[in-house]
Amino acid sequence: MAKKKKAGTESAPKAAPKKGSKTPAYKRVISEESLQIAHGGSDPYSDARSDVQATLAQAMLAKNKTLQLKTMEESMWTNGGLPLPSLAFRYLLCQDAWPLGRSLTLTGEFGSNKSTLAVEFANWLIQFYGVAYMFDAENKFNPDIVYSQVPLDLVKAFELVKVHNQQNWQGGVTTLFENVKKIEYPFPVCAVVDSISALKPAEDILKANTERGGAGARSHPSVPLLNADWLQMIAPTLSAGPFLLVMIQHSRPEEVAGLPGVTRNVGKGGRSVGYNKSLAFDLKAQKMKGRSHGRGGAYITITVSKNALGPGGRSITVPLRWHREPIVGCEADPETGLTPTRQK
C-alpha cells in the first residue's frame, strides 16, 4: 500500500525539455554550430574577440606599464624550452624539453658531482647558441670539467666569474639577465652559482674585518634571508627570457620531526629557496665503475624532489664522467681485467 506524502513535502516538478530540442532545458551549453565558429578563419565572433583583446590589452598597459603581453609563439621562449638531448632526462622530467625561464637547485653531499652536472646543463644551452656563466663562490673551479664536457669550438661561450661576497653573485646574475632581456633577439643564457651559501654578505665581512680583526663569530643567519629576498626579486626577470638559473646547495643531515634517529638531507642556503624554484634535483655519488676498453666513470643517482612541470620523485642512475688513465679505488672490468683510465 503506497504511503501518503505529508503536506508541504511534495517535490517540485522536473523541467520538461523544450519541444524540438535534443538537450534538456537546464543544460546551458552553447554549441559550435549555434555560434557558427570557423577556427582559423574570419567570422563575426572571431573578429569581435580580436577587437576586445586589443582593447583589453591597451587598457591593462595604460594602468600597468610594466606588464608584458605575449602571444603563445613569443611565450615559448620562456614557457617552452630547448630539446632535451638525453632520453634519460626526458624520463626524469616527464617531458621532451628543457624548460627555460626557470630556476633549478642541485643538492647533494660533497663529492656528488653537482658542479660537473651543472656544467653539463650549461653545455646543453651553449649547443643552441647560448652562453653560460659560472659564478664561483667557493674558489674551487676545475677547468678540466669544462674542457671534458664542452666542445672546444664552443668553450669560448663559457665564462668564469669570481665573486667575493653574497651581493657579488646576486648582483651579477641580475645584471646579466636584465641586459639580455633588452636584446631584440634574445638567446639562451645559463647562470650557475656554486654555491649559494658559500659567501657571507658584504656588510658581515666588513664588520668581521673592522670589529674582530677578520676572525669569525656566530651571527644572525643573514645568508638565507638575503637569498630568499633576492629570489623573489629576480623571479619576474627570470621568467621574462630564455634563462636558466642553476643554484648549487650542499646538503646536511637533519632529524625528521617526530621520528627519533631518522634523518634526511636538506640543502643549505635557506628553506624558502624551495618556494621559488621550479626544479630540484637531489644528487648522490655512486662507486666508480670499470668498463671494457679501459674505460671507467663516475655514476650519480639523480632524484627529482620538485618538478613544477611534471611528476616528482623519479630517479635515474647515469654515468657522468669517463676516463682513460688508472683510477685509484675503481673496480677492474671482470671480462678484460683492465683497470679504467683517465683522459690525458
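- A distance of 11.0 Å separates OG1 of Thr301 from CG of Asn113, quoted to the nearest 0.5 Å.
- The two residues Pro151 and Asn123 make their nearest non-hydrogen contact at CD-OD1, 3.5 Å.
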Give the intermediate values and the outcome of side chain to side chain contact (heavy atoms under 4.5 Å, CB included) for residues Val131 and Ile126.
CA-CA 5 Å; Val131 293; Ile126 291 175; 5.9 Å; no
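- Note that CG of Leu231 is 7.0 Å distant from CD1 of Ile196, once rounded to the nearest 0.5 Å.
- Ion pairing between Lys114 and Asp194 fails under the 4.0 Å rule for side-chain N and carboxylate O.
- The 12-atom threshold is not exceeded at OH of Tyr147, counting heavy atoms of other residues, nucleotides or ligands nearer than 6.0 Å.
- In this structure, the side-chain contact (heavy atoms from CB on, under 4.5 Å) partners of Ala137, at least two apart in sequence or on a different chain, are Val163, Ala198, Leu199.
- The CD atom of Glu138 sits 7.5 Å away from atom CD1 of Ile248, with the distance rounded to the nearest 0.5 Å.
- Remark: Gln53 engages no residue in a side-chain hydrogen bond (donor to acceptor under 3.5 Å, both in side chains) (not counting sequence neighbours).
- At a threshold of 4.5 Å between side-chain heavy atoms, the hydrophobic network of Ile, Leu, Val, Met, Phe, Trp and Tyr places Leu245 and Ile183 in one connected group.
- The aromatic rings of Phe89 and Phe281 sit tilted relative to each other, their planes meeting at an angle between 30° and 60°.
- Of the possible polar contacts, none joining the Gln249 side chain to the Thr105 backbone as a donor-acceptor pair under 3.5 Å is found.
- Under a hydrophobic clustering in which Ile, Leu, Val, Met, Phe, Trp and Tyr are joined whenever their side-chain heavy atoms come within less than 4.5 Å, directly or via other members, Leu125 and Leu152 fall into the same cluster.
- Residues meeting the side-chain hydrogen bond (donor to acceptor under 3.5 Å, both in side chains) test with Ser315, sequence neighbours left out: Thr303.
- The shortest side-chain heavy-atom distance between Leu279 and Arg102 does not fall under the 4.5 Å cut-off.
- Atom NZ of Lys284 and atom OG1 of Thr107 lie 15.0 Å apart (nearest 0.5 Å).
- Side chain of Ser305 to main chain of Asp282: no donor-acceptor pair is present (N/O by atom type, distance under 3.5 Å, no hydrogens or angles).
- Gly130 and Ala157 get closest at one heavy-atom pair: O-CB, 3.7 Å.
- Annotation: side chain of Leu117 is in contact with side chain of Ile302 (closest heavy-atom distance under 4.5 Å).
- Residues Ile316 and Leu309 do not share a hydrophobic cluster, defined by chaining ILVMFWY side chains whose heavy atoms lie under 4.5 Å apart.
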The test is side chain to side chain contact (heavy atoms under 4.5 Å, CB included); show your working for Phe243 and Leu176 and say whether it passes.
CA-CA 10 Å; Phe243 307 135; Leu176 176 66; over 6 Å; no
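- Smallest separation of non-hydrogen atoms from Phe158 and Ala122: CE1-CB, 4.0 Å.
- His250 and Phe110 have parallel rings, their planes meeting at less than 30° on a 0 to 90° scale where 60° marks the start of perpendicular.
- By the side-chain hydrogen bond (donor to acceptor under 3.5 Å, both in side chains) test, Thr237 is found to be paired with Glu178, residues two or more places apart in sequence or in another chain being considered.
- Grouping the Ile, Leu, Val, Met, Phe, Trp and Tyr side chains by contacts below 4.5 angstrom, directly or via other members, places Leu154 apart from Tyr129.
- Taking every heavy atom of both residues into account, Val318 and Ala88 meet most closely at CG1-CB, 4.2 Å.
- Heavy-atom minimum distance, Pro99 versus Leu244: O-CD1, 4.4 Å.
- For the pair Ala118 and Val192, the tightest heavy-atom approach, listed with the atom from each and the gap, is CB-CG1, 3.7 Å.
- For the pair Trp230 (side chain) and Gln170 (backbone), a donor-acceptor distance under 3.5 Å is present.
- Glu120 meets the side-chain hydrogen bond (donor to acceptor under 3.5 Å, both in side chains) test with Trp124, Gln149; sequence neighbours excluded.
- Considering CG of Asp136 and OG of Ser195, their distance stands at 9.5 Å, rounded to 0.5 Å.
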Please lay out, stage by stage, how Asn139 and Lys162 fare under the test side chain to side chain donor-acceptor pair (under 3.5 Å).
CA-CA 8 Å; Asn139 196 29; Lys162 303 296 292 184; 2.7 Å; yes
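- Cluster partners of Val52, using a side-chain heavy-atom cutoff of under 4.5 Å among ILVMFWY residues and allowing indirect links, are Leu56.
- Counting heavy-atom neighbours within 6.0 Å of Lys156 NZ, excluding the residue itself, gives a total of 12 or less.
- Summarising the geometry, atom CE belonging to Met233 is positioned 11.0 Å from atom CG belonging to Leu238; distances are rounded to the nearest 0.5 Å.
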